[in-house]
Q: 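To start, I am sharing the structure in question, which I have written as structure tokens.
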Amino acid sequence: LRYKAVAMNIFLERKNEMKKTFLRIASGLLAVVMVFALVGCKKSDGGTNGGDGGSTNNGKKVMRFLSNVQDREHTEGLVEQMQLDKWLEKNPDFEFDYEFVPNSDIGTKTAQYMATDNMPDVYKEWGGTKDFDNKIKKKMIVPIWDSPEQANEEGYDYPDGSLTKWQISDGSDTGVYAGVVNFDFFIWYYNGEIFAKEGWSEPTTWQDLINLLDDMTAKGYVPMSMSGKDQYQYAGLVEDILQKVSGNNTLSNDLIEGKESFTENADIRRTFELAKELIDHNLGGGSGWLAQDYAGARGLFVNGEIPLYYFGSWEYMMIADDQLSDSFKENVDFFLTPVPEGGKGNIGQLEGYYGCGFAVATKSQYKEDAIGLIKFYFQKENYCKDAWEMKVFIPAQNFSEFSSDSDARLQKKILQVMEEKTMTRPYGMTLRGYSQTWQSLVDPMFSDFFSGAMGVDDMLSSLQEATAQAQADVENMDE
């Protein structure tokens with residue numbers, strides 16, 4: 001027994017010593033990890049160390065930068081990062097405190113920072129909404145240029161009307177409150193390989209589109225890839241149809257602001273009846289897509305499982321994505337929404353607008369440097385040239401000097417559409433993006449409608465009911 005006791009004591013002593021050794025090693029490893037974390041790439045702390053801007057790190061000035069593009073090594077993110085890196089080379093006393101959030105979360109994240117008066121120095125903005133007006137009125141952001149004329153006098157070469165979305169909507173201020181990235185319009189992408197295999201062609205009439213959906217279903221395809229997390233995809237489709245039906249570029253605003261009624265206006269009713277026709281002809285293949293996010297919907301299309309994908313023109317960057325097959329990139333194509341029978345619009349009337357931009361927070365201690373960053377970013381030999389030549393964006397600026405015979409087939413088709421367009425939307429997609437409040441009210445409605453859970457009458461009644469709250473919200477902003 002005594003030997004057993006001694007053996008047990010030796011065992012316990014050795015065990016304790018091993019435990020102490022392990023803890024020392026673990027502590028040392030943790031210290032090494034912390035050192036590498038401190039000297040590595042700086043990521044955002046959500047503004048806790050720099051709420052008013054002006055924080056420093058190892059003697060460098062730190063500028064907070066918020067974007068919705070998380071992949072920094074391909075297409076959109078690569079072009080964005082290239083401009084930032086070029087600016088840092090010329091401004092070595094700065095570094096960025098990056099914060100990259102999913103596209104579906106960027107509006108919520110910006111609203112949170114706005115509510116706490118803690119906006120990043122530079123952040124991605126969409127403009128054209130009542131919330132954007134509110135930021136200008138509350139002096140939360142600063143103008144990049146005093147007017148569109150000043151922007152073009154400085155050589156930025158923005159087309160007429162392209163900066164309207166980035167000014168206050170009541171015209172009380174001529175300032176331009178963001179550098180504008182791109183021109184967007186909604187289109188129907190299609191997989192050219194599948195179309196060739198099945199003998200399909202681009203629909204030129206509404207009935208052609210219905211017949212195409214029927215034939216796709218008959219041959220075992222879910223016609224269109226949809227995302228339940230990105231309601232702007234199908235809100236954009238409804239407004240696209242409304243453009244063709246009504247020929248009226250301001251009808252969405254008029255409906256939301258009470259100048260027209262959702263339940264009484266014939267054009268909006270006809271629009272939802274046509275959208276319902278698409279749904280009844282198996283547009284999204286039922287409601288399974290409701291749980292699908294953007295990446296999932298895009299993946300089904302680019303991997304050849306679904307032949308159609310209705311989305312923004314910015315997605316043409318698929319042809320520059322080195323992660324996709326060459327056969328897909330060589331054959332992907334698009335068509336525009338056909339004009340329904342009796343429509344008062346035309347094929348050149350696009351669900352199109354000048355898209356996102358970069359804004360600067362008023363409270364930034366580096367305001368002038370941040371404005372300088374944006375002006376550098378949009379010098380034509382920087383972003384504008386890179387975005388087009390790398391086949392990533394349709395720049396908001398005039399880019400004809402960068403277009404050439406070597407442009408990709410899809411780029412040439414986009415140029416043709418832009419040359420033939422007759423009308424675009426000055427304030428963007430209003431039917432969903434009128435304000436943050438309106439968006440939160442209507443997103444569930446669009447999901448229910450496109451999944452077949454809500455009919456035309458209920459959709460119109462629900463939208464009409466939502467207008468009162470949206471208008472009250474705007475009035476509260478003005479107080």
Side-chain angles (χ1 to χ4, degrees), residues 65-68 80 83 106-107 110-111 113-114 119-185 232 249-250 252-253 312-314 350-362 364 367 370-380 382-384 387 393-399 423-430 432-436 439 474 477:
F65 180 89
L66 172 65
S67 173
N68 65 319
E80 187 174 289
Q83 314 316 314
I106 187 75
T110 305
Y113 283 141
M114 183 178 173
M119 299 294 288
D121 298 286
V122 178
Y123 74 99
K124 189 71 73 68
E125 174 63 77
W126 273 259
T129 68
K130 295 302 177 182
D131 303 275
F132 185 67
D133 277 0
N134 198 31
K135 289 172 192 156
I136 297 173
K137 290 176 182 177
K138 290 187 174 180
K139 302 189 184 302
M140 300 188 77
I141 52 178
V142 295
I144 309 303
W145 296 283
D146 292 335
S147 66
E149 292 75 20
Q150 184 194 24
N152 285 340
E153 286 168 5
E154 293 180 5
Y156 289 93
D157 199 15
Y158 282 105
D160 290 346
S162 60
L163 298 177
T164 302
K165 189 173 175 232
W166 308 97
Q167 298 175 284
I168 195 164
S169 61
D170 64 8
S172 60
D173 180 352
T174 62
V176 178
Y177 283 81
V180 189
V181 173
N182 56 329
F183 178 75
D184 298 330
F185 58 99
Y232 62 83
N249 211 32
T250 65
S252 295
N253 280 72
S313 56
W314 63 86
L350 305 177
E351 174 62 6
Y353 46 86
Y354 289 89
C356 59
F358 289 107
V360 173
T362 302
S364 169
K367 277 196 295 290
I371 292 171
L373 163 65
I374 290 176
K375 289 189 173 185
F376 174 84
Y377 192 106
F378 290 105
Q379 288 174 8
K380 292 195 71 177
N382 290 332
Y383 163 77
C384 184
F393 274 127
I394 305 170
Q397 296 156 281
N398 288 312
F399 57 93
M423 193 177 294
T424 59
R425 298 188 55 76
Y427 293 105
M429 186 169 60
T430 308
R432 178 180 183 257
Y434 179 78
S435 70
Q436 198 75 27
Q439 180 177 314
V474 171
M477 287 182 187

Q: Output yes when a side-chain donor or acceptor of Thr164 lies under 3.5 Å from a complementary backbone atom of Gly161, and no otherwise.
A: yes
Q: What do the steps show when you test Asn134 against Met114 for side-chain contact (heavy atoms from CB on, under 4.5 Å), and what is the final call?
A: CA-CA 10 Å; Asn134 198 31; Met114 183 178 173; 3.5 Å; yes
Q: So Asp184 and Tyr353, side-chain contact (heavy atoms from CB on, under 4.5 Å) or not? Walk me through it.
A: CA-CA 5 Å; Asp184 298 330; Tyr353 46 86; 4.0 Å; yes
Q: Give the intermediate values and the outcome of side-chain contact (heavy atoms from CB on, under 4.5 Å) for residues Phe399 and Ile394.
A: CA-CA 9 Å; Phe399 57 93; Ile394 305 170; 3.9 Å; yes
Q: Donor-acceptor pair, Lys380 side chain versus Asn398 backbone, under 3.5 Å?
A: yes
Q: Closest approach of Val122 and Ala370, non-hydrogen atoms and distance?
A: CG2-CB, 3.7 Å
Q: Taking the side chain from Ser313 and the backbone from Phe185, do they hold a donor-acceptor pair closer than 3.5 Å?
A: yes
Q: So if I apply the ring pair (Phe, Tyr, Trp, His ring centres under 6.0 Å) rule between Trp166 and each of Phe132, Tyr177, Trp126, which one comes out positive?
A: Phe132
Q: Short question: side chain of Lys367, backbone of Thr362 - any donor-acceptor pair under 3.5 Å?
A: yes
Q: What closest approach, in Å, do Gly175 and Pro143 show between heavy atoms, and which atom pair accounts for it?
A: CA-CB, 4.3 Å
Q: Taking all non-hydrogen atoms of both residues into account, name the closest pair between Lys165 and Gly127 and its distance.
A: CE-O, 3.6 Å
Q: Any side-chain heavy atom of Ser169 sitting closer than 4.5 Å to one from Lys130?
A: yes
Q: Any non-hydrogen side-chain atom of Val181 less than 4.5 Å from a side-chain atom of Phe358?
A: yes
Q: Any side-chain heavy-atom pair from Tyr123 and Ile141 closer than 4.5 angstrom?
A: yes
Q: Is there side-chain contact between Ser252 and Tyr434, with heavy atoms separated by less than 4.5 Å?
A: no
Q: For Arg425 and Thr430, work out which heavy atoms get closest and say how close.
A: NH2-OG1, 2.8 Å
Q: What do the steps show when you test Thr110 against Gln436 for side-chain contact (heavy atoms from CB on, under 4.5 Å), and what is the final call?
A: CA-CA 11 Å; Thr110 305; Gln436 198 75 27; over 6 Å; no
Q: If we only count heavy atoms from C-beta on, is the Val360 to Val142 side-chain gap below 4.5 Å?
A: yes
Q: Hey, does Met119 have a side-chain heavy atom less than 4.5 Å from the side chain of Glu125?
A: no
Q: CD1 of Ile374 to CD1 of Ile144: how many Å apart, nearest 0.5 Å?
A: 4.0 Å
Q: Counting N and O atoms only, with roles assigned by atom type, does the side chain of Gln397 sit under 3.5 Å from a partner on the main chain of Tyr156, one being a donor and the other an acceptor?
A: yes
Q: Is there a side-chain contact between Asp131 and Ser435 in this structure, where contact means two heavy atoms from C-beta onward sitting under 4.5 Å apart?
A: yes
Q: Tell me the closest heavy-atom pair linking Pro159 and Ala396, and the distance in Å.
A: CD-O, 3.0 Å
Q: Measure the shortest side-chain to side-chain distance between Lys137 and Ser172 over non-hydrogen atoms and say whether it is less than 4.5 angstrom.
A: no
Q: Would you confirm whether Asn249, through its side chain, and Thr424, through its main-chain N or O, come within 3.5 Å as a donor-acceptor pair?
A: yes
Q: Within the distance-only criterion (no hydrogens, no angle test), does the side chain of Asn382 pair as donor or acceptor with the backbone N or O of Phe376 below 3.5 angstrom?
A: yes
Q: Taking the inter-plane angle between the rings of Tyr383 and Phe378 on a 0 to 90° scale, is it parallel (under 30°), tilted (30 to 60°) or perpendicular (over 60°)?
A: perpendicular
Q: More than 12 non-hydrogen atoms from neighbouring residues, nucleotides or ligands closer than 6.0 Å to CG on Asp160, yes or no?
A: no
Q: Of all heavy-atom pairs between Tyr113 and Pro120, which one has the smallest distance, and what is that distance?
A: CD1-CD, 3.7 Å
Q: Look at the rings of Trp145 and Tyr158 and say which category their plane angle falls in: under 30° parallel, 30 to 60° tilted, over 60° perpendicular.
A: perpendicular
Q: Distance check, rounded to the nearest 0.5 Å: Asp146 atom CG versus Asp173 atom CG?
A: 9.0 Å
Q: Rounded to the nearest 0.5 Å, how far does CG of Asn152 lie from OG of Ser147?
A: 9.0 Å
